[in-house]
Amino acid sequence: MIIFNSLTRQKEELVPGEDGKVGIYVCGPTVYGYIHVGNARPFVFFQVLARYLRDQGYDVTVVENITDVDDKIIDRAREEGRAPEKVSRFYSEAYIQDTGRLGLGRPDIEPRATEHIGEIIALCQKLIELDMAYETGGSVYYRVQRFPGYGKLSGQKTDQMKHLEPPREGEAKENPLDFAVWKAAKRGEPVWDSPWGPGRPGWHIECTAMSLKYLGESFDIHGGGRDLIFPHHENEVAQAEAVTGGEFVRYWMHNGMITRKEEKMSKSVGNIFLLREFLKHYDPRVLILFFAATHYRNPLEFSTTNLEEAQAQLDRLRNCYWKMHSVIEETEIVPDGEGAPSGEYLKDAIVRADKEFHAEMQDDANTAGALAALFGLVKAINEYTEEASVAGKADAELLGEARDLLTRFLRIIGIELTMADFVETGLEAELLELVEAREKARDERDYAEADAARDRIREAGYEIRDTPQGPRLVKRK
RNA sequence: GGCGACGUGGCCGAGUGGCUAGGCAGAGGUCUGCAAAACCUCGUACAGCGGUUCGAUUCCGCUCGUCGCCUCCA
């Protein structure tokens with residue numbers, strides 16, 4: 001597989017450190033509020049990447065942290081008049097709930113910063129021993145000038161950086177570029193004991209501590225939003241490599257921002273759309289298709305029309321499955337294909353789609369291209385089911401093969417179509433009576449009556465579709 | 001000021017030195033009492049200006065425009 005590495009700014013062949021195994025660390029949220037749609041992009045993308053790698057036979061470990069101690073949380077707690085611990089607990093639960101509804105499962109490990117204070121302190125100590133950090137006033141700062149590689153990830157040069165900001169109150173940094181790895185406690189803040197007195201971790205250090213702990217001193221992929229490259233990831237590199245002396249991460253992957261009216265979705269801009277709000281209005285799979293339609297590194301405009309397109313794609317998929325299901329149920333399934341439409345084009349489409357889908361995914365996880373391959377298969381399946389429906393016969397083996405491939409593609413992309421999507425179960429007798437009434441009216445050419453019945457079925461949440469085998473009901477979206 | 005990304009047909013959005021992306025919307029058609037769904041047909045687009053080349057949307061340069069990072073941010 002080829003991956004675009006932010007560090008080298010090139011596409012590179014993915015060569016895992018350990019054969020057949022891939023370790024991925026993703027920067028998860030700082031839990032000081034409900035997550036928004038933008039926050040969901042890395043969660044979704046890296047789950048999808050992991051699915052693809054697993055499909056390719058890799059043993060993948062995804063570690064996605066929850067940062068549950070931070071300035072923002074403390075600010076938020078003050079605003080809400082609650083204890084910071086309560087705030088972080090509340091929003092981390094909300095995060096797990098919201099992302100859980102996406103149906104992508106969980107990362108393998110979801111470590112929390114507050115559960116790794118020991119590791120964090122040990123890291124700080126080590127940095128001090130190496131003279132890469134210094135203690136002052138109960139805080140510990142990283143000595144940026146001492147790390148020669150500083151800026152290699154973000155392409156920033158320390159002498160070019162704007163650091164106009166005057167040092168904040170109580171800060172006694174040697175150099176404005178230095179950043180806190182440990183912060184001396186202030187009143188009302190969560191505290192832990194440390195060799196430098198009571199305090200709490202700085203931002204950045206928790207990710208270094210947890211990634212090193214769960215994935216080792218040098219691991220394969222580190223991901224997150226583009227906006228984390230500087231300073232967050234740059235500082236992670238500085239911390240980790242100072243301590244280990246080796247290469248921290250081999251491949252850095254950064255997803256583009258979600259925008260609204262072409263502007264980044266972020267809390268400071270005030271244009272966020274909460275994930276839980278989104279899920280009130282849309283099927284979670286709409287979000288997944290919406291994300292997949294654009295390459296992960298590109299910005300993605302969160303707009304109604306884009307979402308409607310994703311919705312339309314989901315509907316197209318549902319219809320495709322529905323049609324396959326109907327054919328399997330209602331036409332004569334011929335095991336050896338005897339007498340059924342031969343579907344040469346479907347055989348071709350299966351081969352082509354299989355090739356193209358993987359070629360696209362292999363190329364820096366190009367889900368947009370992969371979707372195109374997938375829809376090529378959908379089209380061929382639709383053509384075949386149409387033909388089979390008319391002929392009343394279908395080649396079971398062929399159709400099964402097509403369905404399995406489509407299902408496999410969708411599972412990689414992060415979508416599962418369940419029976420509930422296209423099968424009518426437990427229909428009320430009343431509804432079936434309406435269908436019969438409509439049929440009777442149609443026989444009698446009383447179309448006004450027939451249409452009235454259809455309207456009532458529609459109101460009940462079902463759509464009627466006449467097929468060569470008679471009327472069928474489909475759940476409305 | 002520094003670093004970086006992007007500009008594709010009505011819209012969204014891949015991609016490529018010469019060969020059909022795909023989806024949505026639209027037009028016409030097939031099927032249907034009408035629908036719905038599906039299928040078929042239809043659009044020759046790559047910001048502008050130069051350059052390299054037999055040939056550039058694709059490579060190089062410049063211009064214009066949009067965006068991101070350099071401060072919290074997925």
Side-chain angles (χ1 to χ4, degrees), chain A residues 6 9 26-30 32 35-46 70-72 75 151 154-165 203 223-232 234 254-259 262-269 272 289-290 293-295 297-301 303 305-313 315-316 318-320 322-323 326 356 360 363 366-376 378-387 389-390 441-443 445-448 450-451 454-455 458 463-468 471-472 474 476:
Chain A
S6 308
R9 275 159 232 180
V26 185
C27 278
T30 299
Y32 64 100
I35 67 158
H36 61 251
V37 172
N39 297 315
R41 174 126 94 150
F43 180 89
V44 171
F45 174 69
F46 289 101
D70 177 81
D71 293 0
K72 290 256 170 193
D75 292 346
S154 60
Q156 305 283 331
K157 294 186 185 113
T158 49
D159 53 358
Q160 303 274 58
M161 286 181 188
K162 268 193 186 177
H163 33 78
L164 309 169
E165 228 186 311
W203 186 42
R226 225 181 170 65
D227 54 354
L228 291 182
I229 293 176
F230 191 90
H232 187 58
E234 192 70 64
H254 291 100
N255 62 272
M257 299 294 100
I258 304 288
T259 60
E262 310 226 311
E263 199 178 9
K264 177 183 168 185
M265 183 185 287
S266 79
K267 288 179 194 168
S268 41
V269 179
I272 59 168
L289 281 169
F290 167 67
T294 301
H295 185 95
R297 279 189 280 124
N298 290 353
L300 209 195
E301 174 73 10
S303 67
T305 46
N306 285 169
L307 292 174
E308 278 167 5
E309 272 198 28
Q311 177 71 62
Q313 291 195 331
D315 294 340
R316 190 167 167 77
R318 283 167 34 132
N319 284 325
C320 179
W322 175 79
K323 211 103 210 261
S326 307
E356 285 174 10
E360 296 289 358
D363 182 11
N366 188 351
T367 51
L371 271 189
L374 186 154
F375 277 106
V378 167
K379 190 172 203 149
I381 291 174
N382 283 336
E383 201 178 332
Y384 187 77
T385 48
E386 182 77 14
E387 214 183 323
S389 176
V390 171
R442 290 177 74 204
D443 283 343
R445 298 183 174 243
D446 183 355
Y447 295 122
D451 289 349
R454 184 170 61 201
D455 287 345
R458 205 178 162 74
E463 193 173 81
I464 202 152
R465 291 182 187 170
D466 293 323
T467 74
R472 299 286 316 255
V474 186
R476 291 178 65 208

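Values in this document were obtained by computation on a predicted structure and should not be read as measured data. All chains are named by letter (A, B, ...) in the order of the sequence lines, taking the proteins before the strands, and each is independently numbered beginning at 1.
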Asks: When we call it a touch if two heavy atoms are under 4.0 Å apart, what does G224(A) touch: a base, just sugar-phosphate, or nothing?
Replies: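 Answer is sugar-phosphate: G224(A) comes under 4.0 Å of backbone atoms only.
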Asks: Would you tell me if any nitrogen or oxygen in the side chain of K264(A) comes within less than 4.0 Å of OP1 or OP2 on C69(B)?
Replies: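 Looking at the OP1 and OP2 atoms of C69(B), one of them is under 4.0 Å from a side-chain N or O of K264(A).
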Asks: Heavy-atom distance under 4.5 Å between the side chains of R297(A) and H254(A), does that happen here?
Replies: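 They are not in side-chain contact.
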Asks: In the structure I gave you, are the side-chain heavy atoms of L374(A) and Q313(A) within less than 4.5 Å of one another anywhere?
Replies: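 Side chain of L374(A) against side chain of Q313(A), heavy atoms only: no contact under 4.5 Å found.
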Asks: Work out how far the P atom of G7(B) is from that of C60(B), and round it to whole angstrom.
Replies: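 My reading of the P atoms in G7(B) and C60(B) gives 14 Å.
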Asks: I want to verify a distance call: between C39(B), A14(B), G4(B), whose nearest atom is closest to the T294(A) side chain?
Replies: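 Taking heavy atoms from C-beta onward, the closest nucleotide is A14(B).
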Asks: How is L228(A) classified with respect to the nucleic acid when contacts are heavy atoms under 4.0 Å: base, sugar-phosphate, or nothing?
Replies: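 Answer is sugar-phosphate: L228(A) comes under 4.0 Å of backbone atoms only.
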Asks: Between C12(B) and A25(B), how far apart are the C1' atoms? Round to whole Å, please.
Replies: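 Here A25(B) and C12(B) have their C1' atoms 10 Å from each other.
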Asks: Figure out the NE2/P separation between H36(A) and A74(B), and round it to whole Å.
Replies: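 Atom NE2 in H36(A) sits about 6 Å away from atom P in A74(B).
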Asks: At 4.0 Å (heavy atoms only), tell me whether N255(A) reaches a base, stays on the sugar-phosphate, or touches nothing.
Replies: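 N255(A): base contact, heavy atoms under 4.0 Å.
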Asks: Can you check the I258(A) CD1 to G68(B) C1' distance for me, whole Å?
Replies: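 Taking atom C1' of G68(B) as the reference, CD1 of I258(A) is at 14 Å.
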Asks: Heavy atoms only, 4.0 Å cut-off, all strands: where does G256(A) land among base, sugar-phosphate and nothing?
Replies: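 Answer is base: heavy atoms of G256(A) come under 4.0 Å of a base.
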Asks: Separation of K157(A) atom NZ from G2(B) atom P, in whole Å?
Replies: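 Roughly 10 Å, once rounded to whole Å.
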Asks: For G151(A), is there any backbone N or O sitting under 3.5 Å from a side-chain donor or acceptor partner on E234(A)?
Replies: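 A pair under 3.5 Å: yes.
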Asks: Just to be sure I understand the rule, does R297(A) reach a base, reach only the sugar-phosphate, or reach nothing, if contact means heavy atoms closer than 4.0 Å?
Replies: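 Result for R297(A) = nothing.
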Asks: Heavy atoms only, 4.0 Å cut-off, all strands: where does N366(A) land among base, sugar-phosphate and nothing?
Replies: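 The answer is sugar-phosphate, as N366(A) gets under 4.0 Å only of primed atoms, P, OP1 or OP2.
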Asks: Answer yes or no: does a side-chain N or O of N319(A) lie under 4.0 Å from OP1 or OP2 of A38(B)?
Replies: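 The answer is yes; a side-chain N or O of N319(A) sits under 4.0 Å from OP1 or OP2.
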Asks: Among A74(B), C69(B), G4(B), which nucleotide has an atom closest to any side-chain atom of Q156(A)?
Replies: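 So the nucleotide nearest the side chain must be C69(B).
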Asks: Are the charged groups of D451(A) and R454(A) less than 4.0 angstrom apart, N to O?
Replies: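 A salt bridge is present here (some side-chain N lies under 4.0 Å from a carboxylate O).
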Asks: Quick check: any donor-acceptor pair below 3.5 Å linking the side-chain of R454(A) to the base of C34(B)?
Replies: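 Donor-acceptor pair under 3.5 Å: yes.
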Asks: Could you measure between the two P atoms, the one in C42(B) and the one in G48(B), and give it in whole Å?
Replies: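 That atom pair is separated by 27 Å.
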Asks: Out of A5(B), G33(B), C69(B), which has the shortest distance to the side chain of F230(A)?
Replies: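 Ranking A5(B), G33(B), C69(B) by closest atom to the F230(A) side chain puts C69(B) first.
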Asks: Taking atom P in both U8(B) and C59(B), compute the distance separating them and give it to the nearest angstrom.
Replies: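 Here U8(B) and C59(B) have their P atoms 15 Å from each other.
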Asks: Both N298(A) and V378(A) contact RNA chain B. Taking the nearest nucleotide for each, which residue is further toward the 5' end?
Replies: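 Mapping each residue to its closest nucleotide by heavy atoms, the 5'-most match is N298(A).
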Asks: Could you please spell out the steps behind the side chain to side chain contact (heavy atoms under 4.5 Å, CB included) verdict for F43(A) and R41(A)?
Replies: CA-CA 5 Å; F43(A) 180 89; R41(A) 174 126 94 150; over 6 Å; no
Asks: From CD of E383(A) over to P of C31(B), roughly how many Å is that when rounded to an integer?
Replies: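 That distance rounds to 17 Å.
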Asks: What distance, rounded to whole Å, do you find between the two C1' atoms, one in G9(B) and one in G68(B)?
Replies: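 The answer is 27 Å between these two C1' atoms.
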Asks: Regarding S154(A), tell me which of base, sugar-phosphate or nothing describes its non-hydrogen contacts under 4.0 Å with the strands shown.
Replies: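 If one applies the 4.0 Å heavy-atom cut-off, S154(A) turns out to touch the sugar-phosphate alone, with no base involved.
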Asks: Would you call N39(A) and P29(A) a side-chain contact if the rule is heavy atoms closer than 4.5 Å?
Replies: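 Heavy-atom side-chain distance check fails, nothing below 4.5 Å.
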Asks: Between D315(A) and Q311(A), is there a side-chain donor-acceptor contact under 3.5 Å, judged purely by atom types and distance?
Replies: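 Per modelled atom types, Q311(A) and D315(A) side chains form a pair under 3.5 Å.
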Asks: Out of A74(B), G22(B), A14(B), which has the shortest distance to the side chain of P42(A)?
Replies: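 Among A74(B), G22(B), A14(B), the one nearest the side chain of P42(A) is A74(B).
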Asks: Give one of base, sugar-phosphate or nothing for I35(A), where a contact means two heavy atoms less than 4.0 Å apart.
Replies: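 Nothing, no nucleic acid heavy atom in range.
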Asks: At 4.0 Å (heavy atoms only), tell me whether H295(A) reaches a base, stays on the sugar-phosphate, or touches nothing.
Replies: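 Contact class for H295(A): sugar-phosphate only.
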Asks: Taking atom P in both C11(B) and A47(B), compute the distance separating them and give it to the nearest angstrom.
Replies: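 Nearest-Å result for C11(B) against A47(B) at atom P: 14 Å.
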Asks: Do any N or O atoms from the side chain of E356(A) and from the backbone of A373(A) form a donor-acceptor pair under 3.5 angstrom?
Replies: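 Flag not set: sc E356(A) to bb A373(A) has no pair under 3.5 Å.
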Asks: Write down the distance between CG (D466(A)) and C1' (A36(B)), rounded to a whole number of angstrom.
Replies: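 The answer, rounded to whole Å, is 8 Å.
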Asks: For N306(A), report the nucleic acid contact type (base, sugar-phosphate, nothing); a contact means any heavy atom under 4.0 Å.
Replies: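 N306(A): backbone/sugar contact only, no base atoms under 4.0 Å.
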Asks: List for me each residue that meets side chain to side chain donor-acceptor pair (under 3.5 Å) alongside R226(A), sequence neighbours excluded, and say none if there are none.
Replies: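 If we apply the side chain to side chain donor-acceptor pair (under 3.5 Å) test to R226(A), skipping adjacent residues, there are no hits.
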Asks: Report the C-alpha distance between M265(A) and M257(A) in whole Å, list the side-chain angles of each, state the deciding distance to 0.1 Å, and finish with yes or no for side chain to side chain contact (heavy atoms under 4.5 Å, CB included).
Replies: CA-CA 7 Å; M265(A) 183 185 287; M257(A) 299 294 100; over 6 Å; no
Asks: Apply the test side chain to side chain contact (heavy atoms under 4.5 Å, CB included) to residues L300(A) and F290(A): give CA-CA distance (whole Å), side-chain angles for both, the deciding distance (0.1 Å), then the verdict.
Replies: CA-CA 9 Å; L300(A) 209 195; F290(A) 167 67; 3.4 Å; yes
Asks: Sticking with atom C1', work out how far A45(B) lies from G13(B), rounded to a whole angstrom.
Replies: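 Comparing C1' positions in A45(B) and G13(B) gives a spacing of 13 Å.
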Asks: With a cut-off of less than 4.0 Å, is there a side-chain N or O of N382(A) near OP1 or OP2 of A38(B)?
Replies: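 False: N382(A) side-chain N/O out of range (4.0 Å or more) of A38(B) OP1/OP2.
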Asks: Take L371(A) and L289(A) through the side chain to side chain contact (heavy atoms under 4.5 Å, CB included) test and state the conclusion after the steps.
Replies: CA-CA 9 Å; L371(A) 271 189; L289(A) 281 169; 4.0 Å; yes
Asks: Would you kindly give the CD-to-C1' distance between Q311(A) and C11(B), to the nearest whole Å?
Replies: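 Answer to the nearest Å: 18 Å.
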Asks: At 4.0 Å (heavy atoms only), tell me whether K72(A) reaches a base, stays on the sugar-phosphate, or touches nothing.
Replies: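 Result for K72(A) = base.
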Asks: Can you tell me the distance, in whole Å, between the OH atom of Y447(A) and the P atom of U32(B)?
Replies: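 Going from OH in Y447(A) over to P in U32(B) covers 12 Å.
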Asks: My validator wants the stems of RNA chain B: runs of 3 or more consecutive Watson-Crick or G-U pairs, both distances under 3.5 Å, written as range with range.
Replies: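 B:1-7 with B:64-70, B:10-12 with B:22-24, B:26-30 with B:38-42, B:47-51 with B:59-63 - these are the stems of 3 or more pairs that involve RNA chain B.
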Asks: How many Å lie between CD on E386(A) and C1' on U30(B), as a whole number?
Replies: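 Taking CD of E386(A) and C1' of U30(B), I get 10 Å after rounding.
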Asks: Which protein N or O atoms sit under 3.5 Å from an N or O of nucleotides 23-25 of chain B?
Replies:
residue : atom : partner : partner atom : Å
G23(B)  : O2'  : Q313(A) : NE2          : 3.0
G23(B)  : N2   : E309(A) : OE1          : 3.1
G23(B)  : N2   : E309(A) : OE2          : 2.3
G23(B)  : N3   : E309(A) : OE1          : 3.4

Asks: Kindly give the heavy-atom pair with the smallest separation between A441(A) and A450(A), and that separation in Å.
Replies: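 Closest heavy-atom pair between A441(A) and A450(A): CB-N, 3.7 Å.
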Asks: Say you pick atom P in A36(B) and the same atom in G28(B); how far apart are they, in whole Å?
Replies: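 Roughly 14 Å separates the two P atoms.
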